[in-house]
Amino acid sequence: MGNQLIIYNTLTRTKEIFTPLIEGRVGLYVCGPTVYSNSHLGHARPNITFDLLFRYLTFLGYKVRYVRNITDVGHLEDEVEETGEDKISKKARLEKVEPMEVVQKYMNTFHRNMEDLNILPPSIEPRASGHIIEQQQMIDSIIQHGFAYETNGSVYFDVEKYNDEFKYGKLSGRNLDDIKTNTRQLDGQGEKKNSFDFALWKKASPEHIMRWPSKWSDGFPGWHLECSAMSVKYLGEQFDIHGGGMDLTFPHHECEIAQCTASLGKESVRYWMHNNMITINGQKMARSLGNFITLDELFSGTHEVLEKAYSPMTIRFFILQAHYRSTIDFSNEALQASEKGLERLLSAVDTLDSLTASAQSTIDINSIKEKCFDALNDDLNSPIAIAHLFDGVKMINAVKAGNESISKEDLADFRTFFHSIIFDILGLKKEQTEKGGGDEILSGTIELLLNLRMEAKTNKDWGTADKIRNELHSLGIEIKDTKEGFEWNLKS
RNA sequence: GGUCUCUUGGCCGAGUGGCUAGGCAGCGGUCUGCAAAACCGCGUACGGCGGUUCGAAUCCGCCAGAGACCUCCA
């Protein structure tokens, strides 16, 4: 144990040793956002989780093809009601712009937010609207195999028929009989045989803006279809890992399995991975509860539940401090704890870089390295890995204080290890400080005052020295006295 | 109503039969003219009640509480 990556597979509900389909290569598909509004805190979780996976697999030497889609058509406000409007169309109608303007605007925001969080771009980022042909081909195939039917220009997946041959509900652990008795029966389902059938193609109503021609009607594809069509196109009929939020398990991922199985005769995905959800002060994040925080609001502190702004790296570190399959609760207190912890970790990296070697080591570097990688191998247990990094921080500080020593070889090794795990794998980075910020006059003035304070200190004029310190502090300038002199920062 | 999950010290969060993470806060100390910052040290927790066991936070049962999905959600 320890040197093999183990992944929890939602499909089997067990941890399994990860073995790729093709040696040395990994195909990874993750459900991306529907770009009809600003990216929110909820988007941070899966993207950071699977960014960690992507980075770690890459670190392990795999050649990874990471596909993450953009949903820019087909995601309805209400899948059950046939009057359900496409989310993007609706936004376009309300804002009186083209649907693709909506898509572009929020996709840009999403990309900017992801970059802020130091999330690597995927290898391929396909858009649903660019794969209408592929989706239509998949519908054809599903119809040919007898698992879909057409009504009034729309095509629906025949869940009951599929369930007779394959089992519908295996991923989410439910069976069709339960679904039958528990699904709300709604009026106006005339087109579907059963309420639990889902749309593969929807005929567009006259006022619907986003539409494409097809043999069935002028219309648009169903939401679940895009992921099936695009994952198969870019990763093959079978591929290694499919990820996404737990809330997508049913119905979205269940429907993906049904679609792929119905058209290909076999399941496509070998390992299903699901990240858990985020709560805020113990409550689910929802627009209706007023605790729906966008990433921009989080980074700028402009939301009433936030006491201050939290940097993207604080958010990233906070999310990595919990295991991806646990729920995680956001609160000001918890975020500020992470903020300080991260500072401590990153300053230890600087300390490590400045250490000088001794003839011999009195500390055990290898046990920390092993424990960190064991943790990551155990279903990406980043919180445990981070805990061991803090043990490393203690060692680093002890060496600096002269209580321990480190050999030249160990020091080089430790530096490499710390840099790769913190920066390459966990994807943390040092934030550029606001200091200066192009304002030469301000920084010059501050430096002048602080130099005057140094002179006052030299003359033991404590009154003047303290006055300068206190006045600057009340203006939001943090001053740290050091052996050599001083350091300062603008407090954010 | 159905299916499932969770309940850990002041806060956040790992662990999951004995070796009892980590961060933040708190307390004590080092440093400092004083402070701040930094660093070092300290803290024995697992909802309640039963049961299994030499031994349970960890397994089983019941009770209480919280949440998720079943409808769009990451």
Side-chain angles (χ1 to χ4, degrees), chain A residues 13 30-34 36-37 39-50 75-81 84 87 169 172-175 177-184 186 195-196 223 243-252 254 274-279 282-287 292 317-318 321-323 325-345 347-348 351 371 375 378 381-391 393-394 396-398 400-401 403 456-457 460-462 465-466 469-470 473 478-483 486-487 489:
Chain A
R13 283 158 206 269
V30 175
C31 291
T34 303
Y36 71 103
S37 68
S39 318
H40 54 77
L41 184 48
H43 290 117
R45 189 95 196 256
N47 285 296
I48 287 172
T49 298
F50 294 106
H75 202 159
L76 303 185
E77 288 280 330
D78 186 344
E79 290 278 347
V80 177
E81 304 269 4
K87 291 182 176 209
S172 53
R174 54 194 90 195
N175 64 63
D177 292 336
D178 290 342
I179 296 172
K180 275 181 186 169
T181 52
N182 292 312
T183 305
R184 279 184 288 166
L186 297 166
S195 58
F196 43 76
W223 172 43
M246 248 174 210
D247 53 333
L248 295 177
T249 312
F250 190 91
H252 185 55
E254 204 69 75
H274 291 96
N275 63 276
N276 215 319
M277 313 308 277
I278 285 170
T279 56
Q283 272 190 315
K284 181 185 174 176
M285 189 175 81
R287 288 182 205 277
F292 196 91
F317 188 62
F318 179 65
Q321 272 188 303
H323 190 261
R325 284 191 289 115
S326 302
T327 53
I328 188 172
D329 188 54
F330 267 61
S331 63
N332 284 289
E333 205 177 359
L335 283 170
Q336 284 163 32
S338 281
E339 188 174 48
K340 292 189 177 175
L342 176 62
E343 256 177 49
R344 182 152 171 253
L345 182 63
S347 70
T351 307
K371 285 174 184 169
D378 182 16
N381 199 331
S382 52
I384 292 290
I386 290 169
H388 291 303
L389 286 179
F390 277 107
D391 287 339
V393 170
K394 283 204 174 109
I396 290 166
N397 291 328
K400 195 196 179 190
N403 301 328
K457 281 176 72 176
K460 297 196 189 298
D461 179 3
W462 310 125
D466 290 354
R469 181 176 69 195
N470 295 339
H473 189 261
E478 285 184 338
I479 296 144
K480 293 181 192 172
D481 286 347
T482 64
K483 282 267 189 289
F486 56 82
E487 289 174 6
N489 267 306

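Chain naming here is simple, since letters A, B, ... match the order of the sequence lines and numbering starts at 1 in each.
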Atom [atom1], compared across [N] and [M]: separation rounded to whole Å:
| N | M | atom1 | value |
| --- | --- | --- | --- |
| B/A64 | B/C11 | P | 25 Å |
| B/G10 | B/G51 | C1' | 33 Å |
| B/C62 | B/G2 | P | 15 Å |
| B/U32 | B/G26 | C1' | 23 Å |
| B/A68 | B/G29 | C1' | 47 Å |
| B/U30 | B/G23 | C1' | 22 Å |
| B/G61 | B/U5 | P | 12 Å |
| B/G47 | B/C31 | C1' | 45 Å |

Short N/O separations, protein against nucleotides 24-30 of chain B, under 3.5 angstrom:
residue, atom, partner, partner atom, Å
B/A25, OP1, A/K340, NZ, 3.0

Counting the atoms with a prime plus P, OP1 and OP2 as sugar-phosphate, which does [X] contact under 4.0 Å by heavy atoms, base, sugar-phosphate, or nothing?
| X | result |
| --- | --- |
| A/G245 | sugar-phosphate |
| A/A334 | sugar-phosphate |
| A/A322 | sugar-phosphate |
| A/L248 | sugar-phosphate |
| A/S331 | nothing |
| A/K400 | nothing |

Are side-chain heavy atoms of A/K371 and A/D391 found at a separation under 4.5 Å? no
Within the 4.5 Å heavy-atom criterion, are A/R45 and A/N276 side-chain neighbours or not? yes
Rounded to the nearest 0.5 Å, how far apart are [atom1] of [X] and [atom2] of [Y]?
| X | Y | atom1 | atom2 | answer |
| --- | --- | --- | --- | --- |
| A/Q321 | A/S382 | CD | OG | 9.0 Å |
| A/S172 | A/M246 | OG | CE | 13.0 Å |
| A/I384 | A/D378 | CD1 | CG | 9.0 Å |
| A/I396 | A/T351 | CD1 | OG1 | 7.0 Å |
| A/N397 | A/S347 | CG | OG | 7.0 Å |
| A/T279 | A/D329 | OG1 | CG | 3.5 Å |

Hey, is the side chain of [X] poking within less than 4.0 Å of OP1 or OP2 on [N], counting only N and O atoms?
| X | N | result |
| --- | --- | --- |
| A/H40 | B/A74 | yes |
| A/N397 | B/A38 | no |
| A/N276 | B/A68 | no |
| A/S326 | B/A14 | yes |

ring-ring contact (aromatic ring centres under 6.0 Å, His included) partners for A/F318, two or more places apart: A/F330
Could you list the residues that satisfy ring-ring contact (aromatic ring centres under 6.0 Å, His included) with A/H388, not counting sequence neighbours? none
Just the rounded figure in Å: distance from [atom2] of [N] to [atom1] of [X].
| X | N | atom1 | atom2 | answer |
| --- | --- | --- | --- | --- |
| A/D391 | B/G23 | CG | C1' | 12 Å |
| A/D247 | B/C4 | CG | C1' | 15 Å |
| A/I328 | B/C11 | CD1 | P | 17 Å |
| A/Q321 | B/G15 | CD | C1' | 16 Å |
| A/F250 | B/C72 | CZ | P | 9 Å |
| A/H323 | B/C6 | NE2 | C1' | 16 Å |
| A/F196 | B/U71 | CZ | P | 12 Å |
| A/M277 | B/C72 | CE | C1' | 12 Å |

Of the nucleotides B/C69, B/A74, B/A14, which one has an atom closest to the side chain of A/R174? B/C69
Assert: residue with more 5' nearest nucleotide on RNA chain B, out of A/S172 and A/N381, is A/S172
Of A/H43 and A/F330, the one whose closest nucleotide on RNA chain B sits nearer the 5' end is A/F330
Dot-bracket for RNA chain B, 5' to 3', Watson-Crick and G-U pairs with both distances under 3.5 Å, [ ] for crossing pairs, | for partner on another strand, reads ((((((((.[[[)....(...]]].(((((.......)))))....[[[[[..)....]]]]])))))))....
For A/K457 against A/A465, the heavy-atom pair lying closest together: CG-CB, 3.8 Å
Heavy-atom pair of closest approach, residues A/P46 and A/G42: CD-O, 3.1 Å
Under 4.0 Å protein heavy-atom contacts per nucleotide of nucleotides 31-36 of chain B, with B for base, S for backbone only and - for none: S-BBBB
Tell me whether A/E254 contacts the main-chain N or O of A/G169 through its side chain, where contact means a donor paired with an acceptor under 3.5 Å. yes
Could you pull out all residues at least two apart from A/R344 that satisfy side chain to side chain contact (heavy atoms under 4.5 Å, CB included)? A/F390, A/V393, A/K394
